[in-house]
Amino acid sequence: MEYRKRLEEIERIEGYITRTPEGIWCYELEPPVDVSLPLEEQVKILYETARLTHCNDTMARMYGYRNAEEIKGRLLKDFLAFENRFNRIGLSEFIRSGYKTHDSESVEVDTGGKRKFFLNTALGIIEKGRLVRAWGVQKDVTFLRSAERRLKRTLELESLLSEIARNFLRTAPSGTNEAIHFALSRLGKFCDADRAYVFLYTHSGLTVSNTHEWCAEGAESKMHRLQNLTVEELRKESLILLRSQGFLLMNSADEVPKSDESLRSFFLRLSSRSGVVTPLLSNEDDLGFVGFDSVRGQKLWTQEDINVLKLVSDLIVLAFDRKKKEADLNDFYERMNHDLELARLTQRSLVARDFPSSPFYRIESYFRPFEKVGGDIITYIQHETGVVDILFGDVSGHGISSAMVSGMAVLSFRHHAKTGISPADGIQQFVRDLKPMVVEHHIAAVWARFFPLERKLVYSYAGHPPILLFRGKEMQELKGMNLPLLIFDSIEYFNESVQLQTGDRIVFYSDGMYEIFNAQGRILDLPGFHSILLEHRNVVSPEEYIEQVVSEVFSFSEGSFGDDMAMLVLDITA
């Protein structure tokens, strides 16, 4: 009977390991590692000798293998790149923390050479003062990290293009060359090019010359050697293709057809190992072309690089035509504003407007950014149980950079809220997720979890103005203040809770709602804003309540405001 119970227990454990969505692994140390050795030496031994002896198929598939048998026996160094800072820190923290770690991030590669991001939780087994093995689980967070990188790069590009466009607009026609050099240098660096250049047709289109050039450090200038080249040297067919296709791309010299020796010769004269060019077209006139080169190594140019090059082409053409085509330049600026408007709509999609419908509660929100895009955060996750997690926050500053940080915060919240983590632990995760990437902003936030059936609110503050509870004629500030995120390391955040009643109203708000001034320079301040909230407390509809409060605030400021403004109202209806 005892043997059968043991066999059933083993079968249950093996079944769990087989079905779990997380990777499970065990690395053995042979020989075991003396835990009294210096930290750096232990790290090196772990990296060089730890061998994978047990894992499930889930882990194997994370690396592109079919099953666990294909990777058992491999060394830790086969997966981890030691030169990566995150990996070295992870191994060091594992040892410093007593041979255990929780959600330590590692950067690894799969069978196709693609980077993968994992969160690892591990526990080392110590016997007689020696580390003999370590068991652990890992979660694949590659998609989340990729989304964060895409969002960050998109916002960086939008900010950069806006900066370059404004520079062109501010520059007098006499400073056009300086504005072009500024654009080439900034976009060349952004696209990781070695050279960025402009060629213009000269002598009525019979020759072409390199008129503007930016070179990365270590890249040789070629501009002085590329003057008055005859158009025949570029081959007419290539120029026609450039105009019709909108770009010419060479990821390597081998890609250029042998029949097009002129194009191959042109790239060789640039000493280019790979390059991409787009035309400079003003209405029906060919002015020349602009391009990026890689001369120190081969680079695979992406569609984003081509799009960036086309944008800088448009800017340069508009700069050349500024005197006689001022209207065209304004049109381009309108296009840039349109792009910023799209960024604003994207950012607003991260600010929740529609909330779950329920007989137990109603939720309404309000958001108005100071600039086209803002840094305030209003988002939620509804669990299958009906429980609702709400994140309400404010990123310091405003504009694109604040919107980028708020976007990353929303991604982090949506990822961790789905796991059921407590509000305080969830806020702590923000520090882990955002601290390595955010250096010039801080976040004031409150994470609240609402249990409709129990009429209970559990919340945790991070430097945010207190939540207000309206019950009858009374207004109460919910306790539990704490410091903002990303200012200091190693801050502990705490959960607070409050029992609610039918008829209660909960109000969240950002500091932009009360840090406003009237024409005489008098500030509304928090007491003044509280008075407005109390004055309209009897308005039944949360939507009308917000509308009247906002109207009073704008009446005080005479329509002006200096920061992002946000509110959220939660009414307990049953």
**Report entry** Step-by-step side-chain hydrogen bond (donor to acceptor under 3.5 Å, both in side chains) determination, Asn177 to His212
**Finding:** CA-CA 8 Å; Asn177 287 337; His212 304 78; 2.8 Å; yes
Requested in this report: Please report the C-alpha distance between Lys139 and Asp103 in whole Å, then the side-chain angles of each, then the deciding distance to 0.1 Å, and finally whether the salt bridge (charged side-chain N to carboxylate O under 4.0 Å, His left out) criterion is met.
Outcome: CA-CA 9 Å; Lys139 295 179 286 187; Asp103 280 352; 3.5 Å; yes
**Report entry** Evaluation steps, side chain to side chain contact (heavy atoms under 4.5 Å, CB included), between His464 and Tyr459
**Finding:** CA-CA 12 Å; His464 202 272; Tyr459 60 93; over 6 Å; no
Query raised in the report: Run the side chain to side chain contact (heavy atoms under 4.5 Å, CB included) check on Arg166 and Ser162 step by step: do they pass?
Result: CA-CA 6 Å; Arg166 288 196 300 268; Ser162 181; 2.6 Å; yes
Report task. Could you walk me through whether Leu309 and Asp305 pass side chain to side chain contact (heavy atoms under 4.5 Å, CB included), step by step? Result -> CA-CA 6 Å; Leu309 204 52; Asp305 297 323; over 6 Å; no
Requested in this report: Please assess Arg195 against Leu184 for the test side chain to side chain contact (heavy atoms under 4.5 Å, CB included), listing each intermediate value before the final yes or no.
Outcome: CA-CA 9 Å; Arg195 292 177 69 247; Leu184 292 179; over 6 Å; no
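Residue Met408 holds its CE atom at 8.0 Å from CD1 of Ile443, rounded to the nearest 0.5 Å. Taking CG of Leu280 as the start and CG of Asp286 as the end, the distance is 9.0 Å to the nearest 0.5 Å. For the atom pair OH (Tyr201) and CG (Leu206), the distance works out to 11.5 Å, reported to the nearest 0.5 Å. Rounding to the nearest 0.5 Å places CE of Met513 at 12.0 Å from CG of Asp564. In this structure, CG on Leu570 lies 13.0 Å from OH on Tyr380, to the nearest 0.5 angstrom. From Met567, atom CE reaches atom CE of Met565 across 9.5 Å, with rounding to the nearest 0.5 Å.
For Glu364 (side chain) and Pro542 (main-chain N/O), no donor-acceptor pair under 3.5 Å exists by modelled atom type. A distance-only check finds a donor-acceptor pair linking the side chain of Gln428 to the backbone of Ile491 [under 3.5 Å]. A donor-acceptor pair under 3.5 Å is formed between the side chain of Gln227 and the backbone N or O of Asn210. Between the side chain of Ser294 and the main chain of Asp194, no donor-acceptor pair closer than 3.5 Å is present. Here the side chain of Thr207 pairs a donor or acceptor atom with the backbone of Thr202 at under 3.5 angstrom. Thr176 contributes a side-chain N or O that, together with a main-chain N or O of Pro173, makes up a donor-acceptor pair within less than 3.5 Å. Of the possible donor and acceptor atoms, one in the side chain of Asp110 sits under 3.5 Å from a partner among the backbone N and O of Gly112. For the pair Tyr493 (side chain) and Leu483 (backbone), a donor-acceptor distance under 3.5 Å is present. The main-chain N or O of Pro527 is never found under 3.5 Å from a side-chain atom of Asp525 such that the two would form a donor-acceptor pair. Between the Ser555 side chain and the Ser551 main chain, no donor and acceptor come within less than 3.5 Å of each other.
Atom NZ of Lys114 is surrounded by 12 or fewer heavy atoms from other residues, nucleotides or ligands within 6.0 Å. Within a 6.0 Å radius of CD in Glu543, no more than 12 heavy atoms belonging to other residues, nucleotides or ligands are found. Heavy atoms of other residues, nucleotides or ligands lying less than 6.0 angstrom from CD of Glu440 number 12 at most.
Using cut-offs of 30° and 60° for the angle between ring planes, the Phe413 and Trp447 rings count as perpendicular. Relative orientation of the Phe529 and Tyr514 rings is tilted, given thresholds of 30° and 60° on the angle between their planes.
When all heavy atoms of Phe392 and Tyr509 are compared, the pair lying nearest together is CE2-C, 3.4 Å. Looking at every heavy atom in both residues, Ser221 comes nearest to Cys215 through CA-SG, 3.7 Å.
For His442, there are no ring-ring contact (aromatic ring centres under 6.0 Å, His included) partners two or more places apart in sequence or in a different chain.
Between the side chains of Gln429 and Ser412, no donor-acceptor pair is found at a separation under 3.5 Å. A donor and an acceptor atom, one from each side chain of Glu163 and Asn167, are nowhere located under 3.5 Å apart. Side-chain N/O atoms of His383 and Asp389 include a donor and acceptor closer than 3.5 Å. A donor atom on one side chain and an acceptor atom on the other are not found under 3.5 Å apart for His415 and Asp433.
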